Amino acid sequence: MPAKTCSEACRSARAARRERERYAQIKNTDDFKAKRADYLRRLDAAMAADPDLAESVRKTRRRAVRAWRERQLADPALRGKYRMRARQAEQRRLERIRSDPDAYAKHLRKQRAWYHALSDDEYQRIFVSAREERNRRYKNND
């Protein structure tokens with residue numbers, strides 16, 4: 001069969017596009033969800049049994065997240081899109097919690113317990129340092 005693309009880069013882009021299309025078709029099917037859940041259960045069991053594997057998987061995941069964040073920070077449109085999605089997901093989550101008074105009371109108790117259990121160092125890292133870093137980034141972007 002003759003090549004359907006003009007170069008290796010073109011072939012790679014075509015293959016990636018076709019895989020994205022395939023994944024979009026199957027990602028919400030029950031069969032795919034069951035296979036994915038089974039795979040994750042088996043991976044968790046293997047990681048629990050083998051600390052070296054667990055560390056390797058964690059390193060791979062950290063690299064992937066780091067690369068994703070770098071792509072997101074490099075592209076303002078992409079960053080805005082992800083921020084909007086995150087805000088909407090958080091809003092939906094809070095609406096679900098707030099719609100049930102018992103769940104909301106439980107949520108508040110859990111949040112307050114977490115907050116009061118923070119050490120001084122954790123409080124500084126989470127609230128003070130993060131706020132200072134965020135303010136510094138916003139001032140640099142202006």
Side-chain angles (χ1 to χ4, degrees), residues 3-142:
K4 293 183 173 43
T5 58
C6 58
S7 67
E8 179 59 26
C10 191
R11 185 205 61 77
S12 179
R14 180 177 187 264
R17 178 185 50 79
R18 291 181 69 170
E19 177 57 23
R20 280 193 306 272
E21 290 170 357
R22 184 194 71 79
Y23 178 71
Q25 290 176 347
I26 67 165
K27 70 179 180 180
N28 292 319
T29 63
D30 292 335
D31 185 49
F32 177 78
K33 289 178 182 178
K35 285 180 182 177
R36 178 76 177 159
D38 182 52
Y39 163 74
L40 293 174
R41 274 193 299 277
R42 286 185 288 118
L43 180 61
D44 285 344
M47 288 171 60
D50 184 357
D52 292 335
L53 173 66
E55 184 57 29
S56 173
V57 169
R58 280 193 291 273
K59 281 183 181 177
T60 301
R61 288 176 179 170
R62 281 193 294 264
R63 272 196 308 270
V65 168
R66 197 173 304 119
W68 177 81
R69 284 185 182 145
E70 287 171 4
R71 281 193 314 271
Q72 182 184 9
L73 291 173
D75 183 359
L78 187 60
R79 184 173 56 244
K81 180 176 128 181
Y82 282 126
R83 282 185 177 170
M84 181 61 71
R85 281 186 187 168
R87 282 188 209 109
Q88 290 169 346
E90 181 63 13
Q91 188 64 35
R92 286 191 303 271
R93 186 184 74 83
L94 289 175
E95 286 173 6
R96 245 187 347 266
I97 291 171
R98 289 178 181 145
S99 67
D100 179 7
D102 293 334
Y104 186 56
K106 182 180 175 183
H107 169 73
L108 289 178
R109 283 192 301 274
K110 182 180 174 185
Q111 293 296 93
R112 288 179 184 137
W114 171 83
Y115 181 81
H116 291 298
L118 291 175
S119 69
D120 290 339
D121 291 340
E122 290 171 327
Y123 179 85
Q124 287 292 322
R125 180 180 53 82
I126 294 170
F127 294 105
V128 178
S129 300
R131 182 177 51 237
E132 290 170 355
E133 174 63 27
R134 190 172 48 249
N135 290 341
R136 190 171 28 257
R137 262 188 278 138
Y138 285 136
K139 286 179 184 176
N140 290 339
N141 289 338
D142 289 339

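Quantities reported herein were computed from a predicted structural model and do not represent experimental measurements. All values below were derived from every heavy atom in this structure, side-chain atoms included, with hydrogens, water molecules and symmetry-related copies excluded.
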Enquirer: Given Arg98 and Glu95, is the salt bridge (Lys or Arg N to Asp or Glu O under 4.0 Å) satisfied, shown in steps?
Expert: CA-CA 5 Å; Arg98 289 178 181 145; Glu95 286 173 6; over 6 Å; no
Enquirer: Output the distance between atom CH2 (Trp114) and atom CD (Gln111), rounded to the nearest 0.5 Å.
Expert: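 Atom-to-atom, Trp114:CH2 and Gln111:CD are 7.0 Å apart.
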Enquirer: Start with the C-alpha gap between Glu133 and Arg136, add the side-chain angles, then the distance that decides, and say whether salt bridge (Lys or Arg N to Asp or Glu O under 4.0 Å) holds.
Expert: CA-CA 5 Å; Glu133 174 63 27; Arg136 190 171 28 257; 2.9 Å; yes
Enquirer: Quick one: list whatever passes salt bridge (charged side-chain N to carboxylate O under 4.0 Å, His left out) with Lys35, sequence neighbours left out.
Expert: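 Salt bridge (charged side-chain N to carboxylate O under 4.0 Å, His left out) list for Lys35, sorted by chain: Asp31.
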Enquirer: Could you state the interatomic distance from CH2 (Trp68) to OH (Tyr82), rounded to the nearest 0.5 Å?
Expert: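 With rounding to 0.5 Å, CH2 (Trp68) is 6.0 Å from OH (Tyr82).
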Enquirer: Are the side chain of Thr60 and the backbone of Ser56 linked by a donor-acceptor contact shorter than 3.5 Å?
Expert: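 A pair under 3.5 Å: yes.
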Enquirer: Considering residues at least two apart in sequence or located in another chain, which fulfil the salt bridge (charged side-chain N to carboxylate O under 4.0 Å, His left out) criterion with Arg93?
Expert: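 So Arg93 forms a salt bridge (charged side-chain N to carboxylate O under 4.0 Å, His left out) with Glu90.
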Enquirer: For Asn135, does the CG atom have more than 12 heavy-atom neighbours from other residues, nucleotides or ligands under 6.0 Å away?
Expert: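 Check passes, neighbour count above 12.
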Enquirer: So how far is it from Gln124 CD to Ser119 OG, rounded to the nearest 0.5 Å?
Expert: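 Output value for this atom pair is 9.5 Å.
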Enquirer: At their closest point, which heavy atom of Ala117 faces which heavy atom of Glu122, and how far apart are they?
Expert: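 Smallest heavy-atom distance, with atoms named: O-OE1, 4.1 Å.
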Enquirer: List the steps, then state whether side chain to side chain contact (heavy atoms under 4.5 Å, CB included) holds for Asp75 with Gln72.
Expert: CA-CA 6 Å; Asp75 183 359; Gln72 182 184 9; over 6 Å; no
Enquirer: Step by step, would you call Glu55 with Arg62 a salt bridge (Lys or Arg N to Asp or Glu O under 4.0 Å)?
Expert: CA-CA 10 Å; Glu55 184 57 29; Arg62 281 193 294 264; 3.1 Å; yes
Enquirer: How many angstroms lie between atom CD1 of Ile97 and atom CG of Asp102, to the nearest 0.5 angstrom?
Expert: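 Atom-to-atom, Ile97:CD1 and Asp102:CG are 13.0 Å apart.
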Enquirer: Show the numbers, then the answer: is there a salt bridge (Lys or Arg N to Asp or Glu O under 4.0 Å) between Arg17 and Glu21?
Expert: CA-CA 6 Å; Arg17 178 185 50 79; Glu21 290 170 357; 3.1 Å; yes
Enquirer: Once rounded to the nearest 0.5 Å, what's the spacing between atom NZ of Lys33 and atom CG of Asn28?
Expert: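 Here the rounded value is 5.0 Å.
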Enquirer: How about Asp30: does its CG atom have over 12 heavy atoms from other parts shown lying under 6.0 Å from it?
Expert: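 No, not enclosed.
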Enquirer: Might you point out which heavy atoms bring Met47 and Val57 nearest each other, and give the distance in Å?
Expert: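 Looking at all heavy atoms of both residues, the shortest contact is SD-CG1, 3.8 Å.
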Enquirer: Mind checking the NE2-CZ spacing from His107 to Arg112? Nearest 0.5 Å is all I need.
Expert: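 If we round to the nearest 0.5 Å, His107:NE2 and Arg112:CZ are 9.5 Å apart.
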